[in-house]
Every structure is written in C-alpha cells, then in structure tokens.
Amino acid sequence: MASTNSEDLFKNIISHAKEYGFIFPSSEIYDGLSAVYDYGQNGAELKKNIREFWWKAMVQMNENIVGIDAAIFMHPTTWKASGHVDAFNDPLVDNKDSKKRYRADVLIEDHVAKIEAKIFKEVEKARGRFGDAFNEDQFRSTNPRVLENQQKIDAINARFKSALEANNLEEVRQIILDLEIVCPISGTRNWTDVRQFNLMFSTQVGSVSEEASTIYLRPETAQGIFVNFLNVQKTGRMKIPFGIAQTGKAFRNEIVARQFIFRMREFEQMEMQFFIKPGTEMEWYSYWKETRMKWHRSLGFPESKQRFHDHLKLAHYANAACDIEFEFPFGFKELEGIHSRTDFDLGNHEKFSGKKLQYFDPELNQNYVPYVVETSIGLDRMFLAILSQSYAEEKLEDGTERVVLRIPPFLAPIKCAIMPLVKKDGLPEKAREIMDQLKYDHLCFYEEKDNIGKRYRRQDAIGTPFCITVDHDTLNDNKVTIRDRDTMAQERVSISEVAKILNEKVDIRAALKRLN
RNA sequence: GCGGCAAUAGCUCAGUUGGCAGAGCAUCAGUUUCCCAAACUGAAGGUCGCGGGUUCGAUUCCCGUUUGCCGCUCCA
C-alpha cells in the first residue's frame with residue numbers, strides 16, 4: 001500500500017478520493033466523460049469549506065470587498081470585449097513527423113508570401129532594366145510571369161477565404177496539401193486534420209433554432225465582475241480602492257485536459273477584482289501577492305510547498321503577473337494567479353458597450369477608469385492541493401499501517417464522529433444524545449458498527465479530526481473520550497463540555513486570525 | 001493532438017497456452033470481543049470498459065472506440 005514514489009502516491013490519492021467519496025468520474029456508468037469529475041459526499045463538504053474559508057477571508061474580513069454571484073451566461077459581446085473571441089479562433093494543424101503544431105492560416109499566408117517574394121524579385125529586376133522609365137503598375141499588369149503568380153495568389157486567397165467562411169476545415173487541409181506546403185522542421189507533408197480550437201463552449205439561447213443566438217459558457221468569472229462594476233460601486237457606495245469577489249463555475253474546452261481534477265473542462269474559480277487608482281497598481285499588486293500567500297500559508301502546510309512564479313511573458317491584459325504555485329505530486333503547478341490587469345477590461349467594456357465605466361474620485365475631483373489587480377484561484381486545484389498535502393500513509397508503532405487525511409480541522413468534511421464503544425448496555429442511546437446535541441453546530445457522524453479501532457480508521461481515512469467515544473464509565477461519570485485524529489491520543493472530558501471544546505477545535509476563526 | 005502503457009467486484013490485483021469468473025481488503029445481516037482495520041457464520045456484488053471480426057466457442061487473439069495514467073505539445 002505504501003507509496004514508493006510520487007507517481008504511485010498520486011495514483012493512491014486518486015484511488016482514495018474515489019473509494020472514500022471525494023471525487024468520482026462524471027457519469028461513470030457511461031464510461032465517464034473526459035476531464036469532467038463529480039464531487040462525492042465528502043468531497044462536496046471539503047470543497048464547500050474551502051470556498052467558505054476563501055469567502056470569509058476575502059469578503060467578511062475586508063470591509064472594502066463585497067461579493068456577488070453573476071450568471072454563467074453573459075451577453076456575447078462580453079467575450080469580444082474581453083478578447084476571448086479573437087484570441088481563440090485559429091485553425092490548427094499538426095505535422096505528424098515533427099509533431100509541431102501550426103496555425104493553418106499562417107502556413108498558407110507564408111506560402112502566399114513566398115509567391116509575393118517572387119513577384120517582388122521580378123519587379124526589382126525590371127526596375128533595374130528600365131531605370132527611370134519603369135512603370136511598376138504597368139509592369140505588374142502586363143508581365144506574364146507576374147500575372148501568373150498574382151493569379152495564383154488571388155486563387156489561393158479566394159479559396160482560403162471561402163473555406164474559412166464555410167468553416168470547411170477539410171478544404172483548408174486540402175489547400176495545404178494542394179500547395180504542397182511542407183513542415184519547416186521535418187520537411188514532410190504528413191499533416192493531420194485541421195482543427196478549430198475554440199476555448200469557449202457555445203450553446204443556444206431561444207427555443208426556436210432560427211431565432212436562436214449563440215452564447216458562450218463563461219471561460220472565466222472575472223467578466224461578471226467587470227460588467228457589474230458600476231452596479232456594485234453605486235449601490236454599495238463603494239470608494240476606491242475596493243474589491244468585488246465571486247466564486248463560480250467556468251468552462252474551457254481544453255485541448256489537453258489531464259492530471260485528475262487539476263485541469264478540468266468545467267471548474268470553479270474564486271476571483272476577486274480590486275479596483276484602484278491608476279498609478280497605484282504596483283503597490284496593490286505586491287499587497288495582494290503577500291496577502292494571498294499568507295492565506296495559503298495559514299493552512300499550516302510546509303512553506304516549501306508553495307512558491308511564487310513571476311510571469312516574464314505577460315498576457316494581453318496585464319502589466320504584471322505572477323502565480324502562486326503548489327508542489328503537487330506531479331510537480332509545482334499553478335494554484336492561483338495574481339494579475340495587474342490595468343484598465344484593459346473596463347476600458348474595453350466602455351468601448352464595446354458605449355457606457356461610461358468610470359469612477360469619480362472626490363479627492364482628485366475627476367473621473368477615471370480604475371485599474372484592476374486580480375486574484376484568481378482555482379477551487380478544484382486548491383481542493384487537490386489540500387487533499388494531496390493531507391494524505392499520509394503511516395506506519396504505526398504496532399507495525400500496522402493507516403491512511404489518514406490530515407485536513408485542517410475547520411476544513412474537514414465531517415467534524416466529529418460519535419460512537420458507542422459497543423452497541424448495547426445503553427451506550428448507543430447515550431451516544432445519540434450527544435449526537436443530537438452537536439448536530440446543530442457541526443456535521444457529525446454516528447456509527448456503532450464494527451469494533452472501535454476499525455471505526456477510528458474509517459474516520460482517519462476521510463479526515464474527521466475528532467472522535468467522541470461513549471464507554472461503560474460514561475453511564476456513571478457522564479464523561480466521554482475525545483480522540484485526536486493526528487496524535488491518536490484520547491482525552492476524557494465531561495459531556496457538558498464537549499460542545500465547547502469541539503467548537504474551539506474546529507473553529508474557522510483561528511484560521512482567519514492567522515491572516516492578520 | 002502525437003506516442004507509450006493500461007482497463008476483470010467498491011479498492012488493490014490474480015487468472016484462463018481460447019472451454020462454467022477468482023483472491024485479499026471493503027460492503028451488508030448476524031454471533032462474539034470491547035479503545036485503534038481481531039475472530040466466526042452467512043449474504044450480496046461481474047455481459048471481464050464498449051462495439052465489431054476470427055472461431056464450434058472470445059474475458060483471453062485481431063481491429064476500432066471510450067476512459068485513465070505517463071512523455072511530448074498546448075494552456076490568452
């Protein structure tokens with residue numbers, strides 16, 4: 001059972017996640033759906049608790065940050081303004097020998113450019129021959145070689161244009177084959193089919209197909225915040241600097257989606273857009289870098305597991321960007337992104353909507369489009385980080401092994417298991433009384449099946465931090481034992497104190513205070 | 001997307017040179033023990049991922065396909 005290397009470890013974590021009701025492949029009875037997963041009974045709780053911790057840390061702990069919940073469907077123009085439509089509409093083709101991928105339109109344009117170069121050469125030759133008397137337009141419209149090449153170019157362009165307009169990718173490939181375009185690296189013409197990779201999923205709104213208009217499932221939640229900037233600023237009487245936070249599903253049609261729930265086609269983001277005065281972005285960028293790292297560190301995992309990764313190549317919307325990376329079993333990977341987005345988004349939404357998205361700054365007595373610093377974390381990735389960091393295969397003193405999830409108690413799916421030592425002599429009744437007392441505050445679990453050791457191990461496996469056991473002495477002294485998941489040590493306490501003790505042990509407040 | 005490997009019970013896997021489908025653990029019902037996966041009795045759980053082909057007969061051989069993992073590629 002013990003994992004000898006990180007690949008085994010990762011496989012064991014995946015098995016464990018399924019066996020104990022954290023993660024299931026989507027629609028598994030139909031063989032699943034590639035890169036889509038469901039959260040099971042324990043996974044849903046853990047995910048909810050992570051989301052709550054983020055929400056409280058961002059919204060509840062910051063007077064100048066408020067939360068919204070925007071719709072997944074948005075007006076199609078949103079994605080033109082954001083740049084998502086244009087950035088991802090390229091027809092791509094792979095060379096099977098060199099395994100290199102090219103944009104089909106670039107291959108064809110390069111080929112056209114070569115023909116143009118030939119024409120240019122002819123023209124320059126002629127210019128040298130005729131000297132000052134040279135009439136380029138006349139030469140181009142009469143020279144047979146130039147005309148022939150120009151016709152070729154026109155024919156290619158016309159054919160390519162109509163193929164693209166008809167969305168006929170077969171034809172695009174045929175053009176590449178007919179033009180005998182070779183891969184610059186392998187030199188072969190062994191091309192795959194041409195494929196259109198659009199990052200966004202589309203669907204139709206409207207009941208009649210002719211009236212239907214195409215809309216997209218949002219590829220990021222951020223735009224829901226930008227389009228509501230004025231609504232929130234005005235109705236919330238927000239003053240810059242202020243933030244808008246949101247959690248929710250986003251969808252990306254990834255070409256390659258892999259590594260369990262690390263890269264899924266449907267995933268949940270937790271994003272916060274912080275609106276600031278232009279010129280102050282670098283201060284706020286480093287403020288949020290440190291603040292977010294503190295949040296990650298507050299979970300108590302080794303600091304060596306997290307690191308910053310500064311982006312050298314910046315996206316079209318950013319003037320500074322970094323990732324917080326986590327060391328997953330398959331290496332350091334992005335967990336959260338912090339981006340200085342300038343006024344790119346609000347500015348573009350102004351252009352496309354024609355609405356003024358500005359803030360009147362009373363101190364400066366002037367309007368401006370605010371700059372934005374964004375923090376964007378993948379909830380599913382955070383879930384995987386916590387799951388893989390918590391998972392431990394332990395060898396105990398007596399030589400037996402146990403699997404334990406050392407999830408921080410306030411994030412654990414089940415906070416407390418309550419069990420009678422045996423299921424007779426009135427012990428179950430007593431345990432039920434305690435269960436009925438605690439269930440109003442915490443998700444608790446009652447169990448009387450199997451011997452007590454087995455029940456403890458089952459709770460270890462799902463990360464339940466505490467087990468309360470009712471034994472024969474309980475009936476006389478009204479005391480129970482509280483067993484700690486990590487140390488396996490037991491403490492005997494009065495039943496009247498149990499609620500108070502448990503409240504303290506699983507309280508999210510301690511974690512939030514560590515953020516200060 | 002390309003290449004490699006894999007898919008048999010909830011989990012980990014064995015197996016049949018092509019001839020009635022197996023183990024351990026887990027699950028459920030009971031007996032017993034009672035503080036760290038104990039024991040016993042019984043039960044349930046499978047079109048051997050799916051679809052074709054070859055064959056008297058395919059879980060086994062062949063082809064396709066789906067899903068997963070790994071490498072490359074991609075990830076504004």
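The chains referred to below are lettered A, B, ... by the order of the sequence lines, with proteins before strands, and numbering in each begins at 1. Predicted model, so just to flag it, every value in this text is computed and none were measured.
- In this structure, A:Arg292 forms a cation-pi arrangement with A:Trp295, its terminal cationic atom sitting closer than 6.0 Å to the ring centre and no more than 45° off the ring axis.
- B:C72 shows a glycosidic angle more than 90° from 0 and is accordingly assigned anti.
- Here the nucleotide nearest the side chain of A:Lys18, chosen from B:U66, B:C36, B:C11, is B:C11.
- Going from atom CD1 of A:Ile261 over to atom P of B:G68 covers 14 Å, rounded to whole Å.
- Counting any heavy atom pair closer than 4.0 Å across all strands shown, A:Phe260 reaches sugar-phosphate atoms only and no base atom.
- Across the P atoms, B:G18 and B:A26 are found 35 Å apart, a figure rounded to whole Å.
- Where A:Glu28 and A:Leu396 meet RNA chain B, the nucleotide closest to each residue was compared, and A:Glu28 sits on the side nearer the 5' end.
- The number of heavy atoms from other shown groups lying within 6.0 Å of CZ (A:Phe308) is above 12.
- The residue A:Gln259 sits close only to the backbone: its heavy atoms come under 4.0 Å of sugar-phosphate atoms, none of a base.
- Separation of the C1' atoms belonging to B:G15 and B:C74 is 41 Å when rounded to the nearest angstrom.
- Although no hydrogens or angles enter the test, the distance criterion places no donor-acceptor pair under 3.5 Å between the side chain of A:Thr280 and the main chain of A:Ile276.
- As judged by a 4.0 angstrom heavy-atom cut-off over every strand, A:Asp460 is placed among residues making no nucleic acid contact.
- Relative to the ring axis of A:Tyr446, A:Arg432 places its NZ or CZ within 45° and under 6.0 Å from the centre.
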### Task
Summarise how protein sits on nucleotides 24-29 of chain B as a single string, 5' to 3': B when a protein heavy atom is under 4.0 Å from the base, S for sugar-phosphate-only contact, - for no contact.
--SSSS
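- Contact check, A:Ser34 against B:G68: a side-chain N or O comes under 4.0 Å of OP1 or OP2.
- Heavy atoms of A:Thr469 sit under 4.0 angstrom from at least one base atom.
- Between B:A76 and B:A58, the distance separating the two C1' atoms is 50 Å to the nearest Å.
- If you check every strand for non-hydrogen atoms under 4.0 Å, A:Ala321 touches nothing.
- Between A:Lys430 and A:Asp471, none of the side-chain N atoms (NZ, or NE/NH1/NH2) sits under 4.0 Å from a carboxylate O, so this pair counts as no salt bridge.
- Under the 3.5 Å distance criterion, with hydrogens and angles disregarded, a donor-acceptor pair is assigned to the side chains of A:Tyr391 and A:Glu393.
- Between A:Arg341 atom CZ and B:A76 atom P the separation is 12 Å, expressed in whole Å.
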### Query
Where each pair must be Watson-Crick or G-U wobble with both distances under 3.5 Å, what dot-bracket representation of RNA chain B is obtained, with crossing pairs in [ ] and other-strand partners as |?
(((((((..((((.....[..)))).(((((.......))))).....(((((..]....))))))))))))....
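- For the pair A:Arg218 and A:Phe251, the cation-pi test (distance below 6.0 Å, angle within 45°) is failed.
- Considering only side-chain N and O atoms, A:Asn451 lies nowhere under 4.0 angstrom from the phosphate OP1 or OP2 of B:C34.
- For the atom pair A:Glu271 CD and A:Glu336 CD, the distance stands at 10.0 Å (nearest 0.5 Å).
- Comparing B:A76, B:C69, B:C35 by their nearest atom to the side chain of A:Ile14 picks out B:C69.
- Annotation: the span from A:Ser340 atom OG to A:Asn319 atom CG amounts to 3.5 Å, rounded to 0.5 Å.
- Computed from coordinates, the A:Tyr456 OH to B:A37 C1' distance equals 13 Å when rounded to whole Å.
- Among the nucleotides B:C11, B:U33, B:C35, the one closest to any side-chain atom of A:Leu421 is B:C35.
- On a pure distance criterion of 3.5 Å, a polar donor-acceptor pair joins the side chain of A:Arg483 and the base of B:C36.
- When the P atom is used for both B:C25 and B:C40, the distance is 9 Å, rounded to whole Å.
- Between the P atom of B:C35 and the CZ atom of A:Arg457 lies a distance of 15 Å, rounded to the nearest Å.
- Comparing the same atom, C1', in B:A7 and in B:U47 gives a spacing of 16 Å after rounding to whole Å.
- Salt-bridge annotation for A:Lys47 and A:Glu268: present, with a side-chain N of the basic residue lying under 4.0 Å from a carboxylate O of the acidic one.
- When the P atom of B:A9 is taken as reference, atom CD1 of A:Ile29 falls 16 Å away, rounded to whole Å.
- Within the 4.0 angstrom heavy-atom criterion, no nucleotide atom of any strand lies near A:Gln459.
- Rounded to the nearest Å, the gap between the P atom of B:G46 and that of B:G10 is 7 Å.
- When the P atom of B:U31 is taken as reference, atom NZ of A:Lys424 falls 10 Å away, rounded to whole Å.
- Rounded to a whole Å, the CE atom of A:Met264 is 12 Å from the P atom of B:C69.
- The side chain of A:Met488 approaches B:C36 more closely than any other nucleotide in the set B:C69, B:A76, B:C36.
- Computed from coordinates, the A:Phe10 CZ to B:C70 P distance equals 6 Å when rounded to whole Å.
- Within the 4.0 Å cut-off from OP1 or OP2 of B:U12, at least one side-chain nitrogen or oxygen of A:Ser15 is found.
- The side-chain tip of A:Arg381 points at the ring of A:Phe262 from less than 6.0 angstrom away and within 45° of straight on.
- Although no hydrogens or angles enter the test, the distance criterion places a donor-acceptor pair under 3.5 Å between the side chain of A:Ser353 and the main chain of A:His349.
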